[in-house]
S.K.: 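Structure below; questions to follow.
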Amino acid sequence: MKLFADILIIVVALESLFIMLLEMFGTQTKLARNVFNLKQKYLLQKEARISMANQGLYNGFLGVSILLIRYYSPTKIIFPGLMLFIGFIVIAAIFGSLTANKKIIFSQGLPSILTLIVVFLAYR
């Protein structure tokens, strides 16, 4: 079960890091427009690029935090740390799906919810 949890943990962390890269450095790409369902005209605005870069920074913090907690932390804080940071992603996905794009609950929410459940079962 822990192996399955670790695979999901890596997937969620890498997804957060991928989102960070798109939001911070790839806003002008077709991939970013498709992933975020945003128009190029919007993404050309300086304010939009700054806002996206800030969001990306937070996604990067989450991805790195998840990896650090799982692989470089004392055993006693792995479970609460993973529950906290993966929980943040679940909450962000729910909020994002309600306010920005319904697809977020599937693309970011579903993997993080599944990971939260498996981590709970594997590490509690």
S.K.: Any donor and acceptor pair, going by atom type alone, linking the side chain of N54 with main-chain N or O of I50 inside 3.5 Å?
M.R.: yes

S.K.: Please find the pair of heavy atoms, one from G63 and one from A13, that lie closest to each other, and give the distance.
M.R.: O-CB, 3.6 Å

S.K.: Under a 3.5 Å distance rule, please check whether R49 uses its side chain to pair with a backbone N or O of L44 as donor and acceptor.
M.R.: yes

S.K.: How far apart are the closest heavy atoms of F36 and M52, and which atoms are they?
M.R.: CD1-CE, 3.5 Å

S.K.: Quick one: do F61 and F18 end up in the same hydrophobic cluster if we chain Ile, Leu, Val, Met, Phe, Trp and Tyr together by side-chain heavy atoms under 4.5 Å apart?
M.R.: no

S.K.: Nearest 0.5 Å, what's the CD-CD1 distance between Q108 and I19?
M.R.: 4.0 Å

S.K.: Is the OH atom of Y123 crowded by more than 12 outside heavy atoms at less than 6.0 Å?
M.R.: yes

S.K.: In Å and rounded to the nearest 0.5 Å, what is the CD1 to OG1 distance from I66 to T115?
M.R.: 8.5 Å

S.K.: Are I77 and Y72 connected, step by step, through hydrophobic side chains (Ile, Leu, Val, Met, Phe, Trp, Tyr) whose heavy atoms are closer than 4.5 Å?
M.R.: no

S.K.: Check for me, please, whether I105 and V35 land in the same ILVMFWY cluster - side-chain distances under 4.5 Å, paths through other members count.
M.R.: no

S.K.: Are I9 and V90 grouped together when hydrophobic residues (ILVMFWY) are joined by side-chain heavy atoms under 4.5 angstrom apart?
M.R.: yes

S.K.: Looking only at non-hydrogen atoms, find the nearest pair between L17 and G60 and report the distance.
M.R.: CD2-O, 3.8 Å

S.K.: What heavy-atom pair brings L121 and R124 nearest, and what distance separates the two atoms?
M.R.: CA-NE, 4.0 Å

S.K.: Compare all side-chain heavy atoms of P111 with those of E15 and state whether any distance is below 4.5 angstrom.
M.R.: yes

S.K.: Does S51 use its side chain to pair, donor to acceptor, with the backbone of E47 at less than 3.5 Å?
M.R.: no

S.K.: Under a 4.5 Å side-chain heavy-atom rule over Ile, Leu, Val, Met, Phe, Trp and Tyr, are V118 and I91 clustered together?
M.R.: no

S.K.: In Å and rounded to the nearest 0.5 Å, what is the CE to CG distance from M20 to L14?
M.R.: 11.0 Å

S.K.: Can you see which heavy atom on S73 is nearest to which on L68, and at what distance?
M.R.: OG-O, 3.2 Å

S.K.: Considering residues at least two apart in sequence or located in another chain, which fulfil the side chain to side chain donor-acceptor pair (under 3.5 Å) criterion with R33?
M.R.: none

S.K.: If a pair satisfies ring-ring contact (aromatic ring centres under 6.0 Å, His included) and one of its residues is in residues 80-107, list it, with sequence neighbours excluded.
M.R.: F85-F88

S.K.: Quick check for you: to the nearest 0.5 Å, what is the distance between I89 atom CD1 and L116 atom CG?
M.R.: 10.0 Å

S.K.: Check I69 against L82 and note the closest heavy-atom contact, atom names and distance.
M.R.: CG2-N, 3.7 Å

S.K.: Would you say Q28's side chain and L43's backbone share a donor-acceptor pair under 3.5 angstrom?
M.R.: yes

S.K.: Would you compute the distance between atom CZ of R70 and atom CD1 of I10 and round it to the nearest 0.5 angstrom?
M.R.: 8.5 Å

S.K.: Using side chain to side chain contact (heavy atoms under 4.5 Å, CB included) as the criterion, list what pairs up with L21, not counting sequence neighbours.
M.R.: F25

S.K.: Mind checking the CD1-OG1 spacing from I104 to T99? Nearest 0.5 Å is all I need.
M.R.: 7.0 Å

S.K.: Apply the test side chain to side chain contact (heavy atoms under 4.5 Å, CB included) to residues L114 and L110: give CA-CA distance (whole Å), side-chain angles for both, the deciding distance (0.1 Å), then the verdict.
M.R.: CA-CA 6 Å; L114 179 61; L110 198 57; 5.8 Å; no

